[in-house]
Amino acid sequence: MSRVLGDTPGELGVTSHDRAVAVLRALIKAGMREVVLAPGSRSAPLALAAHAAEIAGALRLHVRIDERTAGFLALGLAIGSRRPVAVVTTSGTAVGNLVPAVMEAHHSGRPLVVISADRPAELRGTGANQTTWQTGIFGRFAPCVDLAATLGPDATADAVTHVMGPESPRGPVHLNVQFDSPLLPKPGMPWWSAARSASTPESTQTGEGVQVTHRPPTLERGPRTVVVAGDEAGPAARALAEAGGWPLLAEPTSGARVGDHAIRAYRILLGGPLATEIERVIVVGHPTLSRPQTALLTRDDVELIAIRGPGGVATDPAGRAAVVDVVPEVTAEGASDPAEVAWLRRWRALDTQVCQGLDALVEALPELDALQVAAVVGRAETEGAESATLFVGSSNPIRDLDLMLPVGRVGGRRFVVANRGLAGIDGSVSTAIGVALTRPPRDGGRSVALLGDVTFLHDTTGLAIGPHEPRPDLTVIVVNDNGGSIFSLLEQGSPEYAASFERVFATPHGVDLSALCQAGGTAYRCVRTRAELAAALADPSPGLRVVEARVSRDARRATAVAIAALSRIGEDDPMSGASP
């Protein structure tokens, strides 16, 4: 997965300064406008060049002291800007700390550019300080180009341009740049020529990869069909459902949970009798949020059509789908067929009934409950700022939001994102900050992150933002139930494992979030009611702040059982089993 460039004698007089500038200029030409830096010695040429480029207006620089945090900040910047974003590290273990962010970028197709500084190749295996085998460290998750210390600036720029070109697959790339001494030029030499520091990139390449131009296949009507829209499905999923007259089962981060065809309570309905009548499923994006959904995608009596995502992978857990490159079109013949009209009408009617039952159940829970938090956040994102941005952490928060997030209106600017490539909790604070820094609300509102307490604690270094760094207007809602309550919903949460559950799954931590925030100078507020939470979300004060919503997890499993029971609504549906 790695290529070595310049392992033969190169240009005389080549300096580390020249090569660092060449790397950054080529990336700017490819559309990069943000650079995240974790400080180090071997990466000094890149650090000074990036700082000079920021002063010249060519890019925006972000500095973090933790490489893992830096990697996820860059990932968030890439999510929000839809452009390639670079993260710069020094040599040694610093590079290894980027593995989680690179893995997530690979599986979600994000344009993350790792620039690792290295010592000359001849020092590998000699015991030289901070020298290891950095080339290929990310394996299949990111192709690596090893730029030898002998490679001249022009050849360096050509190599970067090639790896960032439109023919390259979407996702992360790794540039391992060898620097020999001296790392710095003579004092007084300019790091960034003003004559070549135009703030507008020479290319409009956005890191979105090759645009597929295959002719869309055409689907015939007839089978009872649903469209499943997973993470990053986009508006094409909604358009397909509307063209076919089919129900749209859209996750919060799909970008498609809008319009009259979207079914809010789809996850509950997939556990009921209506789901047994599904004959065809079209999957757009990367759905990951529920077992009923996975069960549907693996049923051998259902025709499955899966569309490849930007990273080239289609969601097909059973390996039996018909995989296509673009979202299909639907034949116009039979568009007003009474059976198809009835199919959608039944989903809508049951969705209304189940949502009424769900909302009543959540309303009756003792305040403050995690589902009530999700309801308040979801309502604020739907009815509040015109350009609302919400980052959601993995585990329970995104699943709670999936149940409680209202269907949005077509044409709205609600932007809900998450790290769903691998669905890990890594780097969520930093990713949320990156997203917020690239998407300032147009109407004076704020970005919001909804995280669990374990997810928040896993990335507390994300709050360590220096006084000279860009700061987001971001409210981080921490749903604190003092542990990993999601495990209570799984097999290990059943009574027979109670003796081990608290110690090895729930893992209560007892951390005082107020003291933690105070230590880092982060604004903090604790809320105990839905009214207090709504007021905190409506507060327009600028800056980064943490809002802790303290909830209990004692009834989490019982509440899940009660919610699942709502799937029995409609068992006596007179239309059940009717022929199409």
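Note that the structure is predicted; figures quoted are calculated from it, not measured.
- Looking at Glu104, its side chain does come within 3.5 Å of a backbone N or O of Gly421 through a donor-acceptor pair.
- Between Leu75 and Ala105, the shortest heavy-atom contact is CD1-CB, 3.8 Å.
- No side-chain heavy atom of Val478 sits under 4.5 Å from any side-chain heavy atom of Val547.
- Looking only at distances, a side-chain donor or acceptor of Ser16 sits under 3.5 Å from a matching main-chain atom of Asp180.
- When the options Ile433, Val63, Ile65 are evaluated for a side chain to side chain contact (heavy atoms under 4.5 Å, CB included) with Ile465, the one that passes is Ile433.
- When side chains are defined from C-beta on, Ile115 does not count as touching Val87, because their heavy atoms never get closer than 4.5 Å.
- With values rounded to the nearest 0.5 angstrom, Asp400 atom CG is found 11.0 Å from Leu289 atom CG.
- You'll find the side chain of Val113 stays beyond 4.5 Å of the side chain of Pro111, heavy atoms only.
- Looking at heavy atoms from C-beta onward, Val102 lies in side-chain contact with Val114 at the 4.5 angstrom threshold.
- Remark: the backbone N or O of Ala94 is not paired with any side-chain donor or acceptor of Glu67 at under 3.5 angstrom.
- Residues Tyr524 and Glu548 bring a donor and an acceptor atom of their side chains to less than 3.5 Å of each other.
- Between Thr438 and Ser81, the closest heavy-atom pair is OG1-N, 3.6 Å.
- Between the side chain of Arg545 and the main chain of Ser541, a donor-acceptor pair closer than 3.5 Å is present.
- If you check the side chains of Ser116 and Thr89, you find no donor sitting under 3.5 Å from an acceptor.
- One finds the CG atom of Leu513 at 6.0 Å from the CG atom of Leu457 (value rounded to the nearest 0.5 Å).
- With 3.5 Å as the limit, one finds a donor-acceptor pair spanning the side chains of Asp18 and Thr15.
- Under 3.5 Å, the side chains of His106 and Arg170 contain no donor-acceptor pair of N or O atoms.
- Between the side chain of Glu251 and the backbone N or O of Pro287 there is no donor-acceptor pair closer than 3.5 Å.
- A 4.5 Å side-chain heavy-atom check between Leu544 and Val476 finds at least one atom pair inside the cut-off.
- For Ser91 and Arg119, the side-chain atoms include at least one donor-acceptor pair closer than 3.5 Å.
- Donor-acceptor pairing under 3.5 Å is recorded for the side chains of Glu34 and His62.
- One finds a salt bridge joining Glu232 and Arg110 here, because a Lys/Arg side-chain nitrogen approaches an Asp/Glu carboxylate oxygen to under 4.0 Å.
- For Thr161 (side chain) and Ala157 (main-chain N/O), a donor-acceptor pair under 3.5 Å exists by modelled atom type.
- Heavy atoms only, all atoms of each residue included: Ala70 and Arg64 are closest at CB-CB, 4.2 Å.
- The two atoms that bring Leu59 and Met32 nearest to each other are CD2-CE, 4.2 Å, heavy atoms only.
- Put simply, the side chain of Glu381 never gets that close to the backbone of Arg414: no donor and acceptor are under 3.5 Å apart.
- We find that Asp402 and Arg257 are joined by a salt bridge, their nearest charged nitrogen and carboxylate oxygen being less than 4.0 Å apart.
- Among residue pairs with one or both ends in residues 425-435, those qualifying as side chain to side chain donor-acceptor pair (under 3.5 Å) are Asn419-Thr431, Ser430-Asp459; sequence neighbours excluded.
- Contact check for Leu537 versus Val377: side-chain heavy atoms found under the 4.5 Å cut-off.
- For the pair Ser394 and Arg420, the tightest heavy-atom approach, listed with the atom from each and the gap, is OG-NH1, 3.1 Å.
- For Asp231 and Thr253, the side-chain atoms include at least one donor-acceptor pair closer than 3.5 Å.
- Side chain of Asp453 to backbone of Asn482: a donor-acceptor contact under 3.5 angstrom is found.
- By the 4.0 Å N-to-carboxylate-O rule, Arg124 lies close enough to Asp146 to be salt-bridged with it.
- Heavy atoms from other residues, nucleotides or ligands lying under 6.0 Å from CD of Glu122 number more than 12.
- Atom CG of Leu183 sits about 9.0 Å away from atom OG of Ser43, to the nearest 0.5 Å.
- In this structure, the side chain of Arg446 engages the main chain of Gly543 through a donor-acceptor pair within 3.5 Å.
- For the residue pair Gln134/Asn176, the side-chain donor-acceptor check at 3.5 Å is satisfied.
- Counting heavy atoms from C-beta outward, Val546 and Phe456 have side chains that approach closer than 4.5 Å.
- Crowding of Ile55 atom CD1: a count of heavy atoms from other residues, nucleotides or ligands under 6.0 Å exceeding 12.
- You'll find the side chain of Ser395 stays beyond 4.5 Å of the side chain of Val454, heavy atoms only.
- With Phe415 as the aromatic partner, Arg439 meets the cation-pi criteria of under 6.0 angstrom to the ring centre and within 45 degrees of the ring axis.
- Looking at every heavy atom in both residues, Phe179 comes nearest to Arg42 through O-NH1, 2.6 Å.
- Below 30°, between 30° and 60°, or above 60°: for His174 and Phe138 the angle between ring planes is above 60°, a perpendicular geometry.
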